[in-house]
Structure formats: structure tokens, C-alpha cells
Q: 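Before I ask anything, let me first share the structure, which is written out below as C-alpha cells.
Because the structure is a prediction, the values reported are computed rather than measured. We count residues from 1, following the sequence as given.
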Amino acid sequence: MVSVNLGLVHYVLDHIYGTVLHRTKLGTPFFSKGWGGTKLDLLEKMVKQLFPEARSQNWPPTAVQPMWKTIWETKSSCLREGVFRTTCDPRLIEALPPESHNARVAFLTPKSVSPEKMACVIHLAGTGDHSFERRLRLGGPLLKDNIATMVLESPYYGQRRPSMQHGSKLQCVSDLLLLGKATIDEARSLLYWLQNEAGYGKMGICGLSMGGVHAAMVGSLHPTPIATLPFLAPHSAVVPFCDGLYRHATAWDALRKDAATLAQDVTSLTEDAAQKSGITIEQVRERLRSVLSLTDVTRFPVPKNPQAVIFVGATDDGYIPKHSIMELQKAWPGSEVRWVTGGHVSSFFLHNDAFRKAIVDALDRL
């Protein structure tokens, strides 16, 4: 009888999926238009401001008043969708594509309990999650526990995706930082709205993969205890883009050419000239690593109640290595790490119950 190592199977499946998706050269790679020029300079400065000495810095956030419409309603629950102007700094709004200026949110609530007697968790998007549906399916069963679900559509995704962008492949490095900074600002404003306008008693923030990184940042910066649940999330964007599978989907030659153009202060540069400029691919990789180190969650403050932080990792994740998740727990003493059996992609589909259990448990610790 042949023994099958299921962990290895999940790990290999992640790599097969990544190969088909990122290494076949059938689609547009990440950062095909380079670094982002002055936008990147602005973003590097503004992201550094996310590391406040005082927890109260940048709080309260810009207030929002979403314009709601009811999508469906039953005797026990209601789904609404809302729109509001992004709460970014005006300089970032100018840098965002016009399609991303208005934020969209879905709000699934039970009807039998008043907000002050229930909780609400904001779900942030992972890479490639362009709609509300998957996250609403994750949050829907939590209605029985009197937990409402709010789903934020990220900039550059869904109806906020710029017309020239192919799928999830961001065109510039600056777009990745813009997406993250806007998501953090909008999520913080929604948390403020939930507490001060809607009157929710308990709140939380969660996300899968990239959404988990953003959720960790939001939970870290919140001035009061909230449940914080990063699922299948690395400690930094360096992990997938510089060390992991996304490095095969990154336009390294375009980044090198753009770096050489900026260095020579000219408007265009041939590939041959870029090679002669002396800038190597390895230097480009180190530059990207330096830029993306700004997303390192371990540099953020420890949340107000680290016991209400639960990380969930996959035992055989081909995208996110175990040591990356353990770095998060090490940086936030008192937090918990849970493991589900499987790979990155398979866990999205197989372990929703484990993610829901973590949400319930983290809220109970508030």
C-alpha cells in the first residue's frame, strides 16, 4: 500500500497553482509599469507615518457616512451595500486612480438583536478577491452568534479596479502601497463608524493573505481593544514578492529599466541601455525588498489586547512559510497561533469553520 503525505500534496498543489497562474507568462506580471515615480516617494514617506509614538496619533479618523441600499432582507437578517468617499489623505486621493476614489462596502446584519448587544467584524480582501461573495459566505454563518459582517472592497479591486489593470496584477510598486494605505484608512474609518454611529458593542478586523496583513496593521493601530484575525498572512509583503511564488510573477526587467531611467533622468531607455546602466536584477530585488519592508507588521505597535489576536496559518503553505507567521506571534506576546492542515489555496476552501471559530473566540476575549 502506498502512503501519501497529504501535507506534501497541499504544498505541491500551491506550487502547481502558482506555476499556472504566475510562471506561464500568459498574463501580465506585477509592476509591469515600474516603480511609480513620485507616487512611490510620497507613499514611502506616508507609510512611515503609520508607526506612531503615541497610540492616539491620527485618531479619530476621517468620519464616513455611507449611502446605503438594501440588497435583500429576511425576517432574521439584512444585507446592505454602501458607498462612501475614500478617507485617504488628499495627496493619496490624487495618486489613486479615479475608479478607486469611492469605497464600496457590504454589511450583513442580524435583525433580532440591537447593535450594542452584538459584534461586527470587518473582512478585508486577499489578493485576487474582487467581490463581496467569498467573505460574505465566511461571515454569514456567524449571524447565529450575533456577529455582523462588514466587507470592504479594496482599491484597485472589483468596481474600484482601474480600466488599464489586468486582473489583480498591480501596474506599479506604488500601487501596492497605495492599496494598503487606503485600505487601512478606510477600515479605521469604518471601525469608528461602527462604534460611534452604529453603536456596536464589540468589533473585530480580519482578512485572508494580503487582507490578513492589512487586518493586523489596523488592529495594531486601533486605540482600543478589538479582535484581530490575520488568516494565512505573512508578516510582510517581502515574503510573497521577494522570497515566495509572486517573485515569478514580478516584472523584474521593467523595474530595472525604470530604475535606470530614473537614475539617468531621461524619459525613455531601451532594454540594452538599461543593461549597460550597471543596475542589476539583484539590485532591483534589494530595492523592492527595502520598499516592501515598510509593510513589516512586526514594526507596528502591539495591539491593546494581544490576547484577542489569533493568527491562523496552514501547515503546508506554499506561499507563506511557518516562520513568517511565528515572527508575528513573537512580536506580539500574548497572541495565539492556530494551525489548519493544508496549503494556502486549499485552506481558503476547506477551513472556513476554523476561521469562524477563531473569530468567535477572539471576540469572546474582549
Side-chain angles (χ1 to χ4, degrees), residues 4-11 13-14 17 74 76-79 106-113 118-152 200 202-216 218-219 226-234 306-322 324-326 328-329 335-366:
V4 178
N5 185 331
L6 288 179
L8 180 60
V9 170
H10 287 296
Y11 184 83
L13 284 175
D14 276 349
Y17 179 82
T74 68
S76 60
S77 59
C78 176
L79 176 65
F107 195 18
L108 180 62
T109 59
K111 295 172 64 177
S112 58
V113 183
M118 61 176 159
C120 182
V121 175
I122 298 176
H123 295 239
L124 303 182
T127 302
D129 192 352
H130 286 264
S131 69
F132 296 139
E133 281 72 20
R134 200 209 64 76
R135 285 171 283 163
L136 287 174
R137 287 198 301 271
L138 175 61
L142 294 171
L143 291 172
K144 70 180 186 304
D145 298 299
N146 294 323
I147 300 172
T149 291
M150 180 173 276
V151 178
L152 175 64
Y200 276 82
K202 292 182 179 181
M203 298 179 299
I205 187 90
C206 77
L208 283 150
S209 196
M210 175 184 73
V213 176
H214 297 153
V218 173
I226 62 171
T228 303
L229 298 126
F231 300 145
L232 310 178
Q307 284 74 31
V309 178
I310 299 177
F311 302 104
V312 179
T315 55
D316 302 284
D317 195 322
Y319 283 78
I320 312 301
K322 286 184 179 180
S324 183
I325 295 173
M326 296 309 296
L328 290 165
Q329 186 193 35
S335 62
E336 180 185 353
V337 175
R338 297 180 181 180
W339 299 99
V340 293
T341 302
H344 195 80
V345 176
S346 62
S347 294
F348 271 67
F349 303 101
L350 299 178
H351 294 300
N352 282 334
D353 285 344
F355 299 143
R356 294 184 193 109
K357 178 69 163 56
I359 290 172
V360 172
D361 290 348
L363 288 168
D364 284 344
R365 297 172 185 180
L366 295 176

Q: Search all heavy atoms of D129 against all heavy atoms of R134 and return the closest pair with its distance.
A: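 Nearest pair, atom of D129 first, then R134: OD2-NE, 3.8 Å.
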Q: Return the orientation label for the F107 and Y200 ring planes: parallel under 30°, perpendicular over 60°, tilted otherwise.
A: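 If you compare the ring of F107 with that of Y200, the planes turn out tilted.
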Q: Quick one: closest heavy-atom pair of I310 and F231, and the distance?
A: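 For I310 and F231, the tightest heavy-atom pair comes out as O-CE2, 4.4 Å.
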Q: Looking at every non-hydrogen atom in both residues, tell me the closest pair between A119 and L363 and how far apart they are.
A: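 In this case the closest contact between A119 and L363 is CB-CD1, 3.8 Å.
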Q: Could you walk me through whether I325 and K322 pass side chain to side chain contact (heavy atoms under 4.5 Å, CB included), step by step?
A: CA-CA 5 Å; I325 295 173; K322 286 184 179 180; 6.0 Å; no
Q: If you take all heavy atoms of A125 and R135, which pair is closest and at what distance?
A: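 Closest heavy-atom pair between A125 and R135: N-NH1, 3.2 Å.
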Q: Are any side-chain N or O atoms of K111 and backbone N or O atoms of T74, one a donor and one an acceptor, separated by less than 3.5 Å?
A: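 Here the side-chain-to-backbone pair exists.
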Q: Working note: F348 + H344, criterion ring pair (Phe, Tyr, Trp, His ring centres under 6.0 Å); need CA distance, chi angles, decisive distance, verdict.
A: CA-CA 7 Å; F348 271 67; H344 195 80; 5.4 Å; yes
Q: A233: which residues meet the side chain to side chain contact (heavy atoms under 4.5 Å, CB included) condition with it, sequence neighbours left out?
A: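 Partners of A233 under the side chain to side chain contact (heavy atoms under 4.5 Å, CB included) test: V213, P230.
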Q: For G342, does its backbone N or O pair with a side-chain atom of T315 as donor and acceptor, under 3.5 Å?
A: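 Between the backbone of G342 and the side chain of T315 there is a qualifying donor-acceptor contact (under 3.5 Å).
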Q: Hey, could you give me the SG/CD1 distance between C206 and I122, rounded to the nearest 0.5 Å?
A: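 Rounded to the nearest 0.5 Å, the SG-CD1 separation comes out at 9.5 Å.
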Q: Got a second to check how far T228's OG1 is from I359's CD1, nearest 0.5 Å?
A: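 Answer rounded to 0.5 Å: 11.5 Å.
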Q: The criterion is side chain to side chain contact (heavy atoms under 4.5 Å, CB included); which residues satisfy it with D145, sequence neighbours excluded?
A: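 Per chain and number, D145 pairs via side chain to side chain contact (heavy atoms under 4.5 Å, CB included) with L142, I147, V360.
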Q: Determine yes or no for a side-chain-to-main-chain donor-acceptor pair under 3.5 angstrom, with S346 supplying the side chain and G343 the backbone.
A: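 Yes; judged by distance alone, with no hydrogens or angles, the pair exists.
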Q: Looking only at non-hydrogen atoms, find the nearest pair between G313 and L232 and report the distance.
A: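 For G313 versus L232, the nearest heavy atoms are C-CD2, 4.0 Å.
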Q: Give the intermediate values and the outcome of side chain to side chain contact (heavy atoms under 4.5 Å, CB included) for residues L136 and V151.
A: CA-CA 7 Å; L136 287 174; V151 178; 3.8 Å; yes
Q: Return the set of residues passing salt bridge (Lys or Arg N to Asp or Glu O under 4.0 Å) with R338 (not counting sequence neighbours), or none when no residue passes.
A: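 With neighbours one apart ignored, the set is E336, D361.
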Q: What is the minimum heavy-atom distance between L79 and A106, and which atoms define it?
A: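 Looking at all heavy atoms of both residues, the shortest contact is CD1-CB, 4.3 Å.
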Q: How about L229 and I205: do any of their side-chain heavy atoms sit closer than 4.5 Å?
A: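 SC-SC contact between L229 and I205 ruled out.
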Q: Is it the case that the side chain of S209 and the backbone of G211 share a donor-acceptor pair, with hydrogens and angles ignored and the cut-off at 3.5 Å?
A: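 Checked: no pair found.
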Q: Quick one: do L143 and L108 satisfy side chain to side chain contact (heavy atoms under 4.5 Å, CB included)? Show the steps, please.
A: CA-CA 8 Å; L143 291 172; L108 180 62; 4.1 Å; yes
Q: With heavy-atom distances below 4.5 Å as the criterion, would you say the side chains of H123 and L138 are in contact?
A: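 In short, these two side chains touch, coming nearer than 4.5 Å.
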Q: To the nearest 0.5 Å, tell me how far Y319 OH sits from S347 OG.
A: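 Here the interatomic distance stands at 12.5 Å.
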Q: Is there side-chain contact between W339 and V312, with heavy atoms separated by less than 4.5 Å?
A: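 The answer is no; the side chains never approach within 4.5 Å.
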